[in-house]
Amino acid sequence: MTGRRSVETAIGETFPKYLADKGKGDSGNQGAYRKDAKREIHRFEEWCLGQRRDRANASPPESWSGVVDGDTVRFADLDTTVFSDYARYLSSEGNTAGTVLTYYAHVASWCGWAHAQGYIPRHYARESDAEDPLPENDGRRPGDQQAWEPIHRDLITQFVDRRVSEAFDALGAIEVSHADRGDPESEAW
């Protein structure tokens, strides 16, 4: 490994390069994926530094001090256990399984990129021990889930039907003169 790409590199130094590679536009600074990935890798760094409460790995949660003693997280500080603890942290934050998996996927993507770039020897985030605390993927995608039970859907539909019918009935009771109707004039009349 060159000095540029070493385990002694601060992880935050790689974020702009990673985000540029994943972003859209001429300079790689656009796109929804980039915006979401930026938020999540910065959350990961803050968690590593102990700047976030962690109810899953510390009791009380505010006692979480992170995975490093200093103010810089380096690739040398990362291993499978760090990603496993982070997965446990994400799972304890009250998000849905799909959200936890999405947040973790952003961090795992960055970890895979760092491995491919030569910063770390392995893709720690995708090792089975790291992913064990993650919720099961039920295979559903956003939008696949029906939010209401059939009875609720029927009740809502009936309510809307009733309100539309009442509105039409009220509209039908309004007297509008022929001159105000704006009806097209026809020579046949």
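Although no hydrogens or angles enter the test, the distance criterion places a donor-acceptor pair under 3.5 Å between the side chain of Arg55 and the main chain of Ser92. Between the side chain of Tyr124 and the backbone N or O of Ser84 there is no donor-acceptor pair closer than 3.5 Å. The closest donor-acceptor contact from the side chain of Thr157 to the backbone of Arg153 lies under 3.5 Å.
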Run Thr96 and Thr99 through side chain to side chain donor-acceptor pair (under 3.5 Å) and show every step you take. CA-CA 5 Å; Thr96 65; Thr99 299; 3.0 Å; yes

What's the verdict on side chain to side chain contact (heavy atoms under 4.5 Å, CB included) for Cys111 and Ile120, showing C-alpha distance, side-chain angles and the deciding distance? CA-CA 8 Å; Cys111 181; Ile120 50 178; 3.6 Å; yes

Which is it for Tyr33 and Ser109 under the side chain to side chain contact (heavy atoms under 4.5 Å, CB included) test, yes or no, and what are the steps along the way? CA-CA 11 Å; Tyr33 180 88; Ser109 177; 3.3 Å; yes

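In this structure, Glu127 and His123 have side chains that are not in contact, with every pair of non-hydrogen atoms separated by 4.5 Å or more. When side chains are defined from C-beta on, Thr9 does not count as touching Arg74, because their heavy atoms never get closer than 4.5 Å. Looking at Leu49 and Val73, their side chains come closer than 4.5 Å, going by heavy atoms from C-beta outward. At a threshold of 4.5 Å between non-hydrogen side-chain atoms, the residues Asn57 and Tyr86 do not count as touching.
Leu19 contributes atom CG, which lies 10.5 Å from atom NZ of Lys22 (distance to the nearest 0.5 angstrom). Atom OH of Tyr103 sits about 10.0 Å away from atom CD of Glu93, to the nearest 0.5 Å. Between the CD1 atom in Ile11 and the OH atom in Tyr18 there is a gap of 12.5 Å [rounded to 0.5 Å].
Here the closest heavy-atom approach between residue Thr80 and residue Ala130 is recorded as CG2-N, 3.5 Å. The two atoms that bring Pro135 and Leu101 nearest to each other are O-CD2, 3.6 Å, heavy atoms only. Across all their heavy atoms, Asp36 and His106 have their closest contact at CB-NE2, 3.6 Å.
For Asp85, the salt bridge (Lys or Arg N to Asp or Glu O under 4.0 Å) partners at least two apart in sequence or on another chain are Arg88. Under the ring pair (Phe, Tyr, Trp, His ring centres under 6.0 Å) criterion, Phe83 pairs with Phe44, sequence neighbours left out. For the ring pair (Phe, Tyr, Trp, His ring centres under 6.0 Å) test, residues two or more places apart in sequence or in another chain that qualify with Phe15 are His42, Trp110. Evaluation of the side chain to side chain contact (heavy atoms under 4.5 Å, CB included) rule for Asp132 yields Asp129 as partners, not counting sequence neighbours. The salt bridge (Lys or Arg N to Asp or Glu O under 4.0 Å) search around Arg162 returns none, not counting sequence neighbours.
Salt bridge Glu46/Arg43: absent, no basic N to carboxylate O contact under 4.0 Å.
The cationic group of Arg52 does not satisfy the cation-pi geometry with Tyr89, failing either the under 6.0 Å distance to the six-membered ring centre or the 45° limit from the ring axis.
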Got a list of side-chain donor-acceptor pairs under 3.5 Å for residues 58-72, not counting sequence neighbours?
| unit_1 | atom_1 | unit_2 | atom_2 | d |
| --- | --- | --- | --- | --- |
| Ser63 | OG | Pro60 | O | 2.6 |
| Trp64 | NE1 | Trp47 | O | 2.9 |

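Ile151 and Ile156 fall into different hydrophobic clusters, where Ile, Leu, Val, Met, Phe, Trp and Tyr are joined by side-chain heavy atoms under 4.5 Å apart, directly or via other members.
More than 12 heavy atoms of other residues, nucleotides or ligands sit less than 6.0 Å from atom CZ of Arg39.
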